[in-house]
K.L.:
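This is the structure I want to talk about, given as structure tokens.
For the numbers below, each heavy atom of this structure counts, side chains included, while hydrogens, waters and symmetry mates do not. The structure displayed is predicted, hence computed values, not measured ones. When a residue number appears, it is its place in the shown sequence, counting from 1.
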Amino acid sequence: MSIAIIFNGQGAHYQEMGKDFVEKYPIAKKVYEEVEEITGYPIQKMINTEIEKLDQTRYAQIAIVATSLAIYKSMEKELPTIQLMAGLSLGEYSALIASESLSFEDGFKILKERGELMANHCQSLRETSDLGMEVVLAMPLEKIKETIAEVNHLKEELYLANLNSTQQVILAGTKDSITGFKKIAKEKGYRKMMPLKVEGPFHSPYMSAVCLPYEKILDEITFSKGNIPVISNTTAEMHQITEIKKQLVNHLVEPVRWQETIQAMSDAGIDKLIQIGPGKTLANLLKREKNAPEALVVDRADDLAMMKEFIGG
């Protein structure tokens with residue numbers, strides 16, 4: 001049996017996430033307290049009584065990674081040997097901190113600065129452009145690429161942002177280009193699409209203005225090999241210490257290759273995945289994938305009893 005851990009990304013938050021871990025495990029409470037000290041944000045108050053604040057990128061990124069790590073630290077001693085880690089989008093930072101490729105303090109320092117950069121840039125974009133993200137369901141990737149090319153034939157305005165599974169791809173672009181995509185897709189018989197509620201067009205060239213200032217932030221950070229290999233979203237290969245800063249900058253403007261990440265895990269012999277963090281997004285993505293590893297979600301303290309059975313079965 002080979003086990004990997006995957007961490008959820010932004011948008012999966014809900015009120016009182018992680019609260020049951022705080023009540024049961026002192027280490028979970030300590031994680032939140034340390035995050036609050038590092039960032040100056042009252043994360044537990046936001047999660048428990050001001051959940052609407054997590055609709056803002058600058059707070060959501062900190063809160064979700066804090067919750068993921070509070071859960072991970074609560075269960076860490078019960079885990080067998082973990083072969084690999086990965087995280088969807090923001091979840092990649094949870095993986096890097098959990099694997100100790102990135103120190104806890106440095107991780108949350110750069111997450112705070114990254115969140116501020118992204119939020120401020122998205123605000124600027126909203127003042128000058130009408131941009132959005134669209135979830136495309138049950139449309140083959142080649143058909144999606146073909147349709148994007150048709151939309152972009154005069155001006156490149158629409159991009160692949162997340163390649164989440166064979167059944168789900170997310171696009172980023174102008175509202176007009178998304179409307180054009182939907183019209184052409186419907187003519188081809190594909191109608192399952194819906195807007196994604198986010199602050200900006202993440203993982204696309206529209207975020208390029210963030211790259212240089214974020215690169216300067218990363219220049220001050222030291223990464224290490226870590227205890228567990230982490231797979232990069234942008235390459236779907238294991239992070240190499242000499243390339244990790246470059247890949248994290250690229251992560252802002254290049255598509256998340258999540259389907260390929262899961263395939264890389266399968267190719268490496270992983271047969272069980274533990275999804276850590278709020279929500280069940282990643283496990284749900286696996287449900288329609290052929291030969292995907294078996295997955296268990298650890299989202300609440302009660303899930304730890306099932307985890308023992310999962311890893312022992």
K.L.:
Any chance you could measure Leu141, atom CG, to Leu160, atom CG, to the nearest 0.5 Å?
P.N.:
6.5 Å

K.L.:
For Thr57, is there any backbone N or O sitting under 3.5 Å from a side-chain donor or acceptor partner on Glu199?
P.N.:
yes

K.L.:
Between Glu37 and Lys30, does any NZ, NE, NH1 or NH2 come within less than 4.0 Å of an OD or OE carboxylate oxygen?
P.N.:
no

K.L.:
Should Lys182 and Glu134 count as an ion pair when the cut-off is N to O under 4.0 Å?
P.N.:
yes

K.L.:
So, Lys246 and Glu215, do they make that salt bridge, N to O below 4.0 Å?
P.N.:
no

K.L.:
Atom CG of Leu286 and atom CD1 of Ile6: how far apart are they, to the nearest 0.5 Å?
P.N.:
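The distance works out to 5.5 Å.
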
K.L.:
As a quick check of understanding, evaluate side chain to side chain donor-acceptor pair (under 3.5 Å) for Ser165 and Gln259, giving each step before the final call.
P.N.:
CA-CA 5 Å; Ser165 72; Gln259 182 190 345; over 6 Å; no

K.L.:
Hey, does the side chain of Ser208 reach the backbone of Pro205 with a donor-acceptor pair shorter than 3.5 angstrom?
P.N.:
yes

K.L.:
Do the side chains of Glu105 and Lys109 get close enough for a salt bridge, i.e. N-O under 4.0 angstrom?
P.N.:
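Yes, charged N to carboxylate O under 4.0 Å.
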
K.L.:
Check the pair Phe7 / Tyr93 against ring-ring contact (aromatic ring centres under 6.0 Å, His included), numbers first and verdict last.
P.N.:
CA-CA 9 Å; Phe7 292 92; Tyr93 287 85; over 10 Å; no

K.L.:
Are side-chain N/O atoms of Glu16 and Asn48 paired as donor and acceptor at under 3.5 Å?
P.N.:
no

K.L.:
So for atom CG, which belongs to Asn291, do other residues, nucleotides or ligands contribute more than 12 heavy atoms lying within a distance under 6.0 Å?
P.N.:
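Not buried by this count: 12 neighbours or fewer within 6.0 Å.
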
